[in-house]
Amino acid sequence: MAENPRPPGDFSPWMNVIAREVEFAPGAKPEIYHAVGQRDYLAILARTPDGRIPVVRQYRPALEAFTWELPAGLVEKDEDPAAASARELLEETGYPARAVHSLGAPASPCTGRLSNRIHSFFVETGERIADFTPEPGLEVALKSPAELVAMIKADQFAQQLHFGTLMLAELKGFLRFSA
């Protein structure tokens, strides 16, 4: 039998299970509480020079479905989240970052079960690189803000974490989604 090089609880390079002993009230019997651990997450709302928003469609095994969502990914070990957002955007869409704007302090994607944080960015892009080819299984589309709103209303764009990024971008004045 092959030896597992990962510590107990590490199931893949993308996630592990954390077990913590927690005393939920003073003097209460400690209980074991489990959470999912993974690297910090990125959500990238980008605007191309012509004012459109790149979105990506890909198969998500957890849902057993294809989804439309913002470009996104995980922050690599010791990587600056802003630099990671520029990297992910280029890898997934072929658009280079001209300016990267943080949309605020990292937030929790799920306070009850996930230990990581989500970093949301608004990125102004340059023109798409000429020789870009999407990763196999990844489709890129460009949507106007109104088209993205229509996708959301039609339940075609349903990544809840990305709704927060869209809201932050509007609240901070980077993009308008309504009249």
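Numbers here simply count residues along the sequence, with the first being 1.
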Gap separating the OH atom of Tyr41 from the OG atom of Ser120, nearest 0.5 angstrom: 9.0 Å
Atom of Gly37, atom of Ser115 and distance for their closest heavy-atom approach: CA-OG, 3.3 Å
Sub-4.5 Å side-chain heavy-atom contact between Arg128 and Val140: yes
In one Ile/Leu/Val/Met/Phe/Trp/Tyr side-chain cluster, 4.5 Å: Phe163, Trp68: yes
side-chain contact (heavy atoms from CB on, under 4.5 Å) partner of Thr93, the single match among Val56, Leu142, Thr48: Val56
Close side-chain approach of Tyr59 to Glu64, heavy-atom, < 4.5 Å: yes
Separation of Leu175 CG from Glu170 CD (nearest 0.5 Å): 7.5 Å
Minimal non-hydrogen separation, Arg98 against Gly126, with atom names: CG-N, 3.8 Å
Whether Arg20 side chain and Tyr33 backbone form a donor-acceptor pair below 3.5 Å: no
Cluster link Val100 to Ile53, ILVMFWY, side chain under 4.5 Å: no
Close side-chain approach of Arg47 to Phe174, heavy-atom, < 4.5 Å: no
same_hphob_cluster(Val123, Leu138) at 4.5 Å side-chain heavy-atom cutoff: no
Identified salt bridge (charged side-chain N to carboxylate O under 4.0 Å, His left out) partner of Glu69 from the options Lys143, Arg57, Arg60: Arg60
Donor-acceptor contact present, side-chain Asn116 to main-chain Arg39, <3.5 Å: yes
Interatomic distance, Glu79 atom CD to Ser85 atom OG [nearest 0.5 angstrom]: 9.0 Å
Connected via hydrophobic side-chain network under 4.5 Å: Leu161 and Leu42: no
CD1 on Ile44 to CG on Leu103, rounded to 0.5 Å: 11.0 Å
His119 side chain vs Pro81 backbone, donor-acceptor pair below 3.5 Å: no
Minimal non-hydrogen separation, Gly27 against Glu23, with atom names: N-OE2, 3.0 Å
Shortest non-hydrogen contact between Phe24 and Glu31, atoms and distance: CD1-OE2, 4.0 Å
Closest non-hydrogen atom pair, Arg87 against Leu74: NH2-O, 3.3 Å
Common cluster, Leu148/Leu89, ILVMFWY with side-chain heavy-atom separation under 4.5 Å: no
Check: Glu88 and Pro71 side chains under 4.5 Å, non-hydrogen atoms: no
Atom pair CZ (Phe122) and OG1 (Thr165), whose distance is rounded to the nearest 0.5 Å: 12.0 Å
Leu90 vs Ile129 side-chain heavy atoms within contact, under 4.5 Å: yes
Value rounded to 0.5 Å, distance of OH in Tyr95 from CD in Glu124: 15.0 Å
Non-hydrogen atoms of Pro109 and Arg117 that approach each other most closely: CD-CA, 4.0 Å
